[in-house]
Protein chains: 2
Amino acid sequence: MAAPKLEEFLKAEQELAQFAKALSHPARIAILKVLASKTECVCGEIVEVLPLAQSTVSQHLKELKEAGLIKGTVDGPRSCYCINWKAFEKFNQSFNQLFSKLKVQQQSCC
Amino acid sequence: MAAPKLEEFLKAEQELAQFAKALSHPARIAILKVLASKTECVCGEIVEVLPLAQSTVSQHLKELKEAGLIKGTVDGPRSCYCINWKAFEKFNQSFNQLFSKLKVQQQSCC
DNA sequence: ATAATTAATCGTAAAAATACGATGAAATGA
DNA sequence: TCATTTCATCGTATTTTTACGATTAATTAT
């Protein structure tokens, strides 16, 4: 087998892993930064800034969208994207939860 | 081309993406939780808990180690792993930095 | 009506990730 | 010394990811 055995893990672990996967490529982090810095968030502008082909950027946008981190609306011939702050906040909290949970007993045996 | 074009992005983005990649599989999150909850962190115990083969767990441990999130020491015939709290703290901060940076202008255009 | 712009999707190739069994190395125990 | 335990590594199969060019669909501009 080669597909990840996701089902066998806790739902919280799966969810967080999925979120982390969305951030696991610098292009997607860069996209989030662009979206956060602009009020106008047209796809073309993102493509201009990134060192990737239009189709590749579109793919990354799709992944961010599927992960729930961004929203997209069609505006005439162009697409407007922006951060889904609600989901983002949840994401942020999930991470902090993991971090603080792990940090409870901060001791190393080796 | 198929390999990710990492070089062309900011170093901070690459670093964070790499960290996120380490967390992008539930098995690795589960491993971190186990390590945090035990003072004795022998490889075998992790294998016992996870629904994966020994060799697969070993592989995940290697990835966490390469990402800097855990340390490993040989203890006779067994291997002792534990969280690298220093790196972990840095990781935690990088994430919070990104989150707070993005949150500066929390407005959606669409 | 036709051309141009914009961005999604398709097809595809190459690489990386995931998983497992088998093997190997190193230390302990009998 | 020889068997056992423990875990890393190797070999390999399958899936997923990444990337790009080409095409398509939709809207706008001429």
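So you know, we letter chains A, B, ... as the sequences are listed, proteins then strands, and number each from 1. If you're wondering where the values come from, they're calculated on a predicted model, not measured in any experiment.
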_Main chain of A:A27, side chain of B:E13: is a donor-acceptor contact present, judged purely on distance under 3.5 Å?_
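Such a contact is absent between B:E13 side chain and A:A27 backbone.
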*When you measure from the side chain of B:K5 to the backbone N and O of A:P51, does any donor-acceptor pair fall under 3.5 Å?*
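Such a contact is found between B:K5 side chain and A:P51 backbone.
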Answer yes when [X] and [Y] have at least one side-chain N-carboxylate O distance shorter than 4.0 Å, and no when they do not.
X     : Y     : answer
B:K86 : B:E89 : no
A:E63 : A:K21 : no
B:E15 : B:K90 : yes

*Under 4.0 angstrom, heavy atoms only, what part of the nucleic acid is A:L52 near: base, sugar-phosphate, or nothing?*
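Touches sugar-phosphate only.
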As a test of reading the structure: which of [options] is closest to the side chain of [X], going by heavy atoms?
X     : options               : answer
B:P77 : C:dA7, D:dT6, C:dC20  : D:dT6
B:S58 : C:dT9, C:dG21, D:dC7  : D:dC7
B:A3  : C:dC20, C:dT9, C:dA15 : C:dA15

If I take atom [atom1] in residue [X] and atom [atom2] in nucleotide [N], what distance separates them, rounded to the nearest angstrom?
X     : N      : atom1 : atom2 : result
A:Q59 : D:dT16 : CD    : P     : 14 Å
B:L6  : D:dT18 : CG    : P     : 9 Å
B:E48 : D:dC7  : CD    : P     : 10 Å
A:L61 : D:dT18 : CG    : C1'   : 15 Å
B:I46 : D:dA8  : CD1   : P     : 9 Å
A:K5  : C:dC20 : NZ    : C1'   : 9 Å
B:E7  : C:dA15 : CD    : C1'   : 14 Å

_Pairwise 5' ranking along DNA chain C for B:E63 and A:V57, keeping only the more 5' one_ =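 Going by which nucleotide is closer to the 5' end, it is A:V57.
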*Mind running side chain to side chain contact (heavy atoms under 4.5 Å, CB included) on A:F95 and B:N96 for me, showing each step along the way?*
CA-CA 9 Å; A:F95 262 92; B:N96 287 336; over 6 Å; no
_Residue mapping more 5' on DNA chain D - nearest nucleotide basis, A:D75 or A:P4_ =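 In this pair, the answer is A:P4.
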Could you tell me whether the phosphate oxygens of [N], OP1 or OP2, come under 4.0 Å of any side-chain nitrogen or oxygen in [X]?
X     : N      : answer
A:Y81 : C:dT6  : no
A:H60 : D:dT17 : no
B:S55 : D:dC7  : no
B:T56 : C:dC20 : yes

*Hey, is the side chain of B:Q54 pairing donor to acceptor with the base of D:dA8 inside 3.5 Å?*
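Side chain to base: pair present.
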*B:L23 and B:R28: side chain to side chain contact (heavy atoms under 4.5 Å, CB included), yes or no, with the steps?*
CA-CA 6 Å; B:L23 290 190; B:R28 293 193 285 271; 5.8 Å; no
*Which one of A:F99, A:W85, A:F88 satisfies the ring-ring contact (aromatic ring centres under 6.0 Å, His included) criterion with B:F99?*
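Exactly one pass, corresponding to A:F88.
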*Do any of residues 10-31 of chain A sit with a heavy atom less than 4.0 Å from DNA chain D, and if so which?*
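Of all residues in residues 10-31 of chain A, the ones placing a heavy atom under 4.0 Å from DNA chain D are A:K21, A:H25, A:R28.
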